*Asks:* 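Handing you a structure now.
Being a predicted model, the structure only gives us computed values, none of them experimental. Basis for what follows: all heavy atoms, side chains included, without hydrogens, waters or symmetry-related copies.
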Amino acid sequence: MADMKEFGEMDTTDRGGTHDYHYEDARHIAPTSGLTPSQTVGPFFAYGLTPKAYGYPLDNLHSNIIADETVPGERITLEGQIFDGANSPVHDAVVELVQADHHGAYASADRNDGFKGFGRVGTGAKGPNEDKRFLFHTIKPGITSKNAAPFVTLIVFMRGLLNHYITRVYFEGDDLSSDPVLAQVPKIRRESLVAKEIEPNRYHFDIHMQGDNETVFFDI
């Protein structure tokens, strides 16, 4: 193996435990801890986390069922699509959902009552939806704090993003007038955070990454 002058001398005898490259001009710098920098998500990210959405004979680590039939609460379905800047549906995104139960309590630890509080799904067209949708089966969450309206949190990962995107989903028909977070969003953009009830207990919510209908995302 040839030395790479721009990186320093390679230690070909070392097979782990220390760095293979030595930087003469950086030996005086003490190592420090910190956050790992974000990297652009590659094309195999969604396939690895949600293989069933792409026809692979592997099990998903998490499902799109947030609460099973034994969990008390109003059962709902949340569905939608993710659109890129050209208004084309994204087929290789990962969508995660986090929510409270019908009492407004989050699942901060494993529970044995059928409520997970978390779900994940891919938008691949070879999955059970076959149309690049994300689809979650859950219950309507309770109120988590004073004056807050019921909501779920959606987290979006997709190819080309350096960081995940986070948004909220409120529900059409609820009183949203006093919600403290929604009040910070310009009125003209609040509708991008409201899921439409297309039939009883079935809500539709599309996510637009860019463009005139861009969804509001939160810096958390």
Side-chain angles (χ1 to χ4, degrees), residues 46 49-50 53 60-82 93-123 128-129 133-158 161 163-187 189-209 214-220:
L49 288 178
T50 55
N60 295 327
L61 294 176
H62 296 279
S63 76
N64 64 339
I65 301 175
I66 315 300
D68 66 26
E69 296 180 354
T70 66
V71 178
E74 179 185 349
R75 310 206 67 80
I76 63 171
T77 299
L78 178 66
E79 63 177 58
Q81 288 183 295
I82 299 178
V94 172
V95 184
E96 295 179 344
L97 185 149
V98 179
Q99 70 164 92
D101 63 17
H102 75 297
H103 292 301
Y106 285 96
S108 57
D110 290 339
R111 294 167 50 162
N112 60 2
D113 60 355
F115 179 75
K116 299 177 182 177
F118 174 84
R120 178 189 291 151
V121 68
T123 60
N129 305 323
R133 283 185 299 160
F134 59 85
L135 178 68
F136 292 101
H137 301 285
T138 185
I139 58 170
K140 194 170 183 180
I143 296 173
T144 57
S145 61
K146 184 179 180 180
N147 296 325
F151 72 92
V152 301
T153 298
L154 291 186
I155 306 169
V156 180
F157 303 82
M158 58 182 286
L161 293 185
N163 290 297
H164 52 279
Y165 278 28
I166 300 175
T167 190
R168 282 189 172 196
V169 181
Y170 294 90
F171 300 95
E172 183 179 44
D174 287 346
D175 181 7
L176 308 178
S177 61
S178 300
D179 186 88
V181 173
L182 199 59
Q184 300 180 54
V185 178
K187 289 184 178 180
R189 302 196 63 197
R190 292 178 189 174
E191 283 298 310
S192 74
L193 298 176
V194 180
K196 306 301 181 184
E197 190 171 18
I198 55 177
E199 59 183 59
N201 297 330
R202 190 177 187 93
Y203 292 88
H204 184 90
F205 182 82
D206 286 335
I207 298 174
H208 295 266
M209 304 303 296
E214 181 179 329
T215 300
V216 172
F217 298 102
F218 295 91
D219 185 9
I220 299 177

*Asks:* Ignoring hydrogens, what is the shortest heavy-atom contact between Arg190 and Val185? Give both atom names and the distance.
*Replies:*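 Arg190 and Val185 have their closest heavy atoms at NE-O, 2.8 Å.
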*Asks:* Give the minimum heavy-atom separation between Phe134 and Gln81, together with the two atoms involved.
*Replies:*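 What the structure gives for the nearest pair is CE2-N, 3.6 Å.
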*Asks:* Please name the pair of heavy atoms, one in Val71 and one in Phe115, separated by the smallest distance, quoted to 0.1 Å.
*Replies:*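 Closest approach of Val71 to Phe115: CG2-N, 3.6 Å.
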*Asks:* Any non-hydrogen side-chain atom of Val98 less than 4.5 Å from a side-chain atom of Ile155?
*Replies:*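 Yes, side chains in contact.
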*Asks:* Do Phe205 and Val194 come within less than 4.5 Å of each other through their side chains, counting heavy atoms only?
*Replies:*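 A side-chain contact under 4.5 Å is absent here.
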*Asks:* Filter on side-chain hydrogen bond (donor to acceptor under 3.5 Å, both in side chains), then keep only pairs touching residues 192-201, sequence neighbours left out; what's left?
*Replies:*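 Output for this query lists Glu191-Lys196.
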*Asks:* What's the separation between atom CG in Leu78 and atom CZ in Phe136, rounded to the nearest 0.5 Å?
*Replies:*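 With rounding to 0.5 Å, CG (Leu78) is 7.5 Å from CZ (Phe136).
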*Asks:* Below 30° counts as parallel, above 60° as perpendicular, anything between as tilted: where do the rings of Tyr170 and Phe151 land?
*Replies:*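 Judged by the thresholds at 30° and 60°, the geometry between Tyr170 and Phe151 is tilted.
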*Asks:* Within the distance-only criterion (no hydrogens, no angle test), does the side chain of Arg75 pair as donor or acceptor with the backbone N or O of Ala67 below 3.5 angstrom?
*Replies:*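 Yes; judged by distance alone, with no hydrogens or angles, the pair exists.
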*Asks:* Report the C-alpha separation of Lys140 and Asp174 in whole Å, then their side-chain angles, then the decisive distance to 0.1 Å, and conclude whether the side chain to side chain contact (heavy atoms under 4.5 Å, CB included) test is met.
*Replies:* CA-CA 11 Å; Lys140 194 170 183 180; Asp174 287 346; 2.8 Å; yes
*Asks:* Please find the pair of heavy atoms, one from Gly73 and one from His102, that lie closest to each other, and give the distance.
*Replies:*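 Between these two residues, the closest heavy atoms are CA-CB, 4.1 Å.
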*Asks:* Test Val169 against Leu193 for side chain to side chain contact (heavy atoms under 4.5 Å, CB included), laying out the working first.
*Replies:* CA-CA 5 Å; Val169 181; Leu193 298 176; over 6 Å; no
*Asks:* I'd like to know if the side chain of Thr138 pairs up with that of Gln99 as donor and acceptor (distance under 3.5 Å, no hydrogens or angles considered).
*Replies:*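 Thr138 vs Gln99: donor-acceptor pair found between side chains.
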*Asks:* Using every non-hydrogen atom in the two residues, find where Pro141 and Ala100 come nearest and quote the distance to one decimal.
*Replies:*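 Closest heavy-atom pair between Pro141 and Ala100: CB-O, 3.4 Å.
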*Asks:* To the nearest 0.5 Å, what is the distance between CD (Glu79) and CG (Leu135)?
*Replies:*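 The CD atom of Glu79 sits 6.0 Å away from the CG atom of Leu135.
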*Asks:* On the 0 to 90° scale, with breaks at 30° and 60°, tag the His164-Phe157 ring pair as parallel, tilted or perpendicular.
*Replies:*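 Plane angle between 30° and 60°, so tilted.
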*Asks:* Look at atom OH of Tyr165 and say whether more than 12 heavy atoms of other residues, nucleotides or ligands are closer to it than 6.0 Å.
*Replies:*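 Result for OH/Tyr165: open.
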*Asks:* Will you find, in the side chains of His62 and Asn60, an N or O donor that is under 3.5 Å from an N or O acceptor?
*Replies:*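 Asn60 and His62 do not have a side-chain donor-acceptor pair below 3.5 Å.
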*Asks:* With a 4.5 Å heavy-atom cut-off, do Ile166 and Leu154 have their side chains touching?
*Replies:*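 Not touching, per the 4.5 Å side-chain cut-off.
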*Asks:* Pick from Asn64, Leu97, Ile65: which one makes a side-chain contact (heavy atoms from CB on, under 4.5 Å) with Val121?
*Replies:*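 Single pass found, and it is Asn64.
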*Asks:* To the nearest 0.5 Å, tell me how far Asp101 CG sits from Asp113 CG.
*Replies:*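 If we round to the nearest 0.5 Å, Asp101:CG and Asp113:CG are 7.5 Å apart.
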*Asks:* Does some side-chain heavy atom of Val94 sit less than 4.5 Å from a side-chain heavy atom of Arg120?
*Replies:*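 In contact.
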*Asks:* Got Ser63 and Lys116 here, is their nearest side-chain heavy-atom distance under 4.5 Å?
*Replies:*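 When only atoms from C-beta onward are counted, Lys116 and Ser63 do touch, with a gap below 4.5 Å.
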*Asks:* What's the shortest heavy-atom distance between Phe171 and Val152, and which atoms?
*Replies:*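 Taking Phe171 first and Val152 second, the nearest heavy atoms are CZ-CG1, 4.2 Å.
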*Asks:* To the nearest 0.5 Å, what is the distance between CG on Asn147 and CG on Asp179?
*Replies:*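 Taking CG in Asn147 and CG in Asp179, the distance rounds to 8.5 Å.
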*Asks:* Yes or no on side chain to side chain contact (heavy atoms under 4.5 Å, CB included) for Lys146 and Ser178, after CA distance, side-chain angles and deciding distance?
*Replies:* CA-CA 9 Å; Lys146 184 179 180 180; Ser178 300; over 6 Å; no
*Asks:* For Asp206 and Ile82, what are the C-alpha separation, side-chain angles and deciding distance, and is it a side chain to side chain contact (heavy atoms under 4.5 Å, CB included)?
*Replies:* CA-CA 6 Å; Asp206 286 335; Ile82 299 178; over 6 Å; no
*Asks:* Nearest 0.5 Å, what's the CD1-CD1 distance between Ile76 and Ile139?
*Replies:*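 So the gap between those two atoms works out to 8.5 Å.
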*Asks:* Using 0.5 Å steps for rounding, measure from the CG atom of Leu49 to the CG atom of Leu61.
*Replies:*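 Reported value, rounded in 0.5 Å steps: 7.0 Å.
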